[in-house]
Trainee: 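I am attaching a structure below and will ask some questions about it afterwards.
In listed order, ligands and their atoms are each counted from 1.
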Amino acid sequence: MQMKILPFKFEALKDFAREMDVRDSLKHFREKFYIPKQLNGEDVIYLTGNSLGLQPKTTRVYIEQELKDWETLGVEGHFKANNPWMAYHELLTEQMARIVGANPVETVVMNSLTVNLHLLMVSFYRPTKERHKIVIEGGAFPSDQYAVASQIKFHGFDTENSLIEVQPRENETSLRIEDIEQTIDENADSIALILLGGVNYYTGQAYEMRRVIEAGHKIGAVVGFDLAHAAGNIELRLHDWNVDFAAWCTYKYLNSGPGGIGGCFVHERHAKNFDLPRFAGWWGHDKETRFLMGPEFNPTVGADGWLLSNSPIFQLAALKASLDIFEEVGMNALVEKSKKLTGYLEFLLGEIDDERISVITPAEENRRGCQLSIRVKNADKNLFRAISSKGIVADWREPDVIRVAPVPLYNSFVDVFHFTQILKNCLA
Ligand SMILES: Cc1ncc(COP(=O)(O)O)c(C=O)c1O
C-alpha cells in the first residue's frame with residue numbers, strides 16, 4: 001500500500017516551533033557558531049547571515065594554527081606548515097566545488113567578489129561592434145552595476161546603448177523568466193554577456209538560472225552569475241547547467257568573516273582555452289614551471305589559471321573552518337531544512353496579517369533561498385528600529401525593505417517564532 005504524504009502543516013505556537021527544533025537533525029550545528037549577545041545576556045535573534053555569516057567557533061583555531069606555523073617556521077611554512085601555504089588554496093577547492101555543483105578544475109578561491117567579476121569579464125566580455133550589450137537584472141547590487149558600466153566604458157561603448165536592465169512588470173517585484181527570455185530574443189544579435197545574480201540581494205528572488213543559460217547560449221552570448229546570495233544558500237549545479245563563469249563572496253552564507261576571500265567558477269569548457277584574454281599574475285602560471293621565473297606567462301589549466309597573487313593564508317584558514325562544517329552537513333540537508341525554516345517564517349508572517357507589511361520574495365520555494373524581504377508600508381523605518389531594539393538583528397534596505405534570512409546552519413524554528421512575535425508586537 002502506498003503511503004499518502006500529507007502537506008506539511010505549520011502551527012503558530014511556540015510549542016510547535018520547539019518541537020520542530022527537537023526534530024531538526026541539524027540542530028546541533030548551531031552550537032558550532034558564536035551567536036552575538038544582547039545587553040541582557042540572551043542571544044540576539046540573528047537573521048542577517050545573508051549579509052555577514054556568524055563566526056564558527058573553530059575559526060580561531062584554524063587561524064591560530066597558521067600564526068603558530070608562521071611563528072615557528074617563518075618562510076619555511078610555505079612547505080612545512082601543517083597545511084603548507086604553497087598549496088593552501090587547493091585545500092578548499094573540492095569543498096567549494098561541491099557547494100556550487102562544480103568540478104574542482106572549475107573552481108578557485110581568490111580575491112574578492114567585485115575584483116573577480118572584473119577579472120572574469122576581462123576574459124568573458126569581449127564586445128564587438130555588433131555584439132556589445134550586457135544584460136543585468138534591474139535592481140542588481142550596485143557594485144555589479146558599477147562593474148558592468150565601467151567594463152562597457154572601458155571597451156569604448158556607452159551604457160545607454162550597451163546596457164540592458166530587465167525590469168519587473170508594473171506593480172510586480174519579481175522578474176519573470178519569460179521577460180528575461182524575451183529581452184534575450186529581442187537583442188539576439190547584439191548581446192555579448194548576460195550577468196545576473198543567482199538570488200537578488202533585495203527581493204530574495206532566485207532566478208531560473210537554467211532557462212537563462214539556455215536562452216543566452218542559444219543566441220551565442222556568454223552567461224555569468226554573481227552568486228553572492230546563492231552560494232551556500234540554494235542548490236547550484238554550475239557545471240551541469242553549463243554556466244560560463246560565476247563569482248561569489250564567502251562572508252555571507254559561507255561564514256568566512258568580514259571581507260572574506262571570494263570564490264570563482266569557470267566552466268571546464270574554457271579550462272584549456274589559453275587564447276582567452278586574461279589579466280595575468282604569477283600564481284596563475286602553470287604550477288610545474290612557476291618557479292623557473294620565466295618571462296612568459298603560461299596559465300594553469302582551469303579556474304586556477306585566473307589566480308594572480310599568492311594566497312592570503314589567514315583568509316583561507318577562516319574560510320576552511322566554515323567549509324569543513326559545510327562538508328559535515330552537506331548542501332542537500334541544508335537546503336531541505338532551509339525550505340522548512342523559511343516556509344515557517346512565511347507562514348507566521350501570513351498569520352500576522354497586517355496591511356503595513358508584505359513579503360515581496362516569491363512564494364514558490366524554488367524561486368527563493370532562505371531570505372524573505374518584507375516591504376514596509378510608507379517606508380516606515382520606525383518598525384525596523386523597534387524590532388532592532390528588541391534583540392532582532394535584521395537589515396533595512398532602502399527604500400522600504402526589511403530583509404530577514406533564517407540560516408539553516410544556525411537559526412532555529414524558535415528564532416523564527418520569536419522574530420514574528422516581536423514584529424507583531426511592534427506593529428501593535
Ligand atoms: C550581490 C552582491 N554583489 C556584489 C557585492 C560586492 O561584494 P564585494 O564587496 O565583496 O566585492 C555584494 C556585497 O554584499 C553583493 O551582495
Trainee: Can you classify the ring geometry of Trp396 versus Phe384 as parallel (below 30°), tilted (30 to 60°) or perpendicular (above 60°)?
Mentor: tilted
Trainee: With the side chain counted from C-beta on, respond yes when Phe417 and Ile45 share a heavy-atom pair under 4.5 Å apart, and no when they do not.
Mentor: no
Trainee: Would you say Arg210 has more than 12 foreign heavy atoms packed within less than 6.0 Å of its CZ?
Mentor: no
Trainee: Going by the angle between their ring planes, with limits at 30° and 60°, are Phe10 and Tyr344 parallel, tilted or perpendicular?
Mentor: tilted
Trainee: With a 4.5 Å heavy-atom cut-off, do Asn310 and Trp282 have their side chains touching?
Mentor: yes
Trainee: Please list, by chain and number, the protein residues whose heavy atoms come under 4.0 Å of ligand 1.
Mentor: Leu113, Thr114, Phe141, Asp144, Asp226, Ala228, His229, Tyr251, Lys252
Trainee: Only pairs at least two apart or in different chains count here, so list each side-chain hydrogen bond (donor to acceptor under 3.5 Å, both in side chains) that has a residue in residues 140-149.
Mentor: Thr114-Ser143
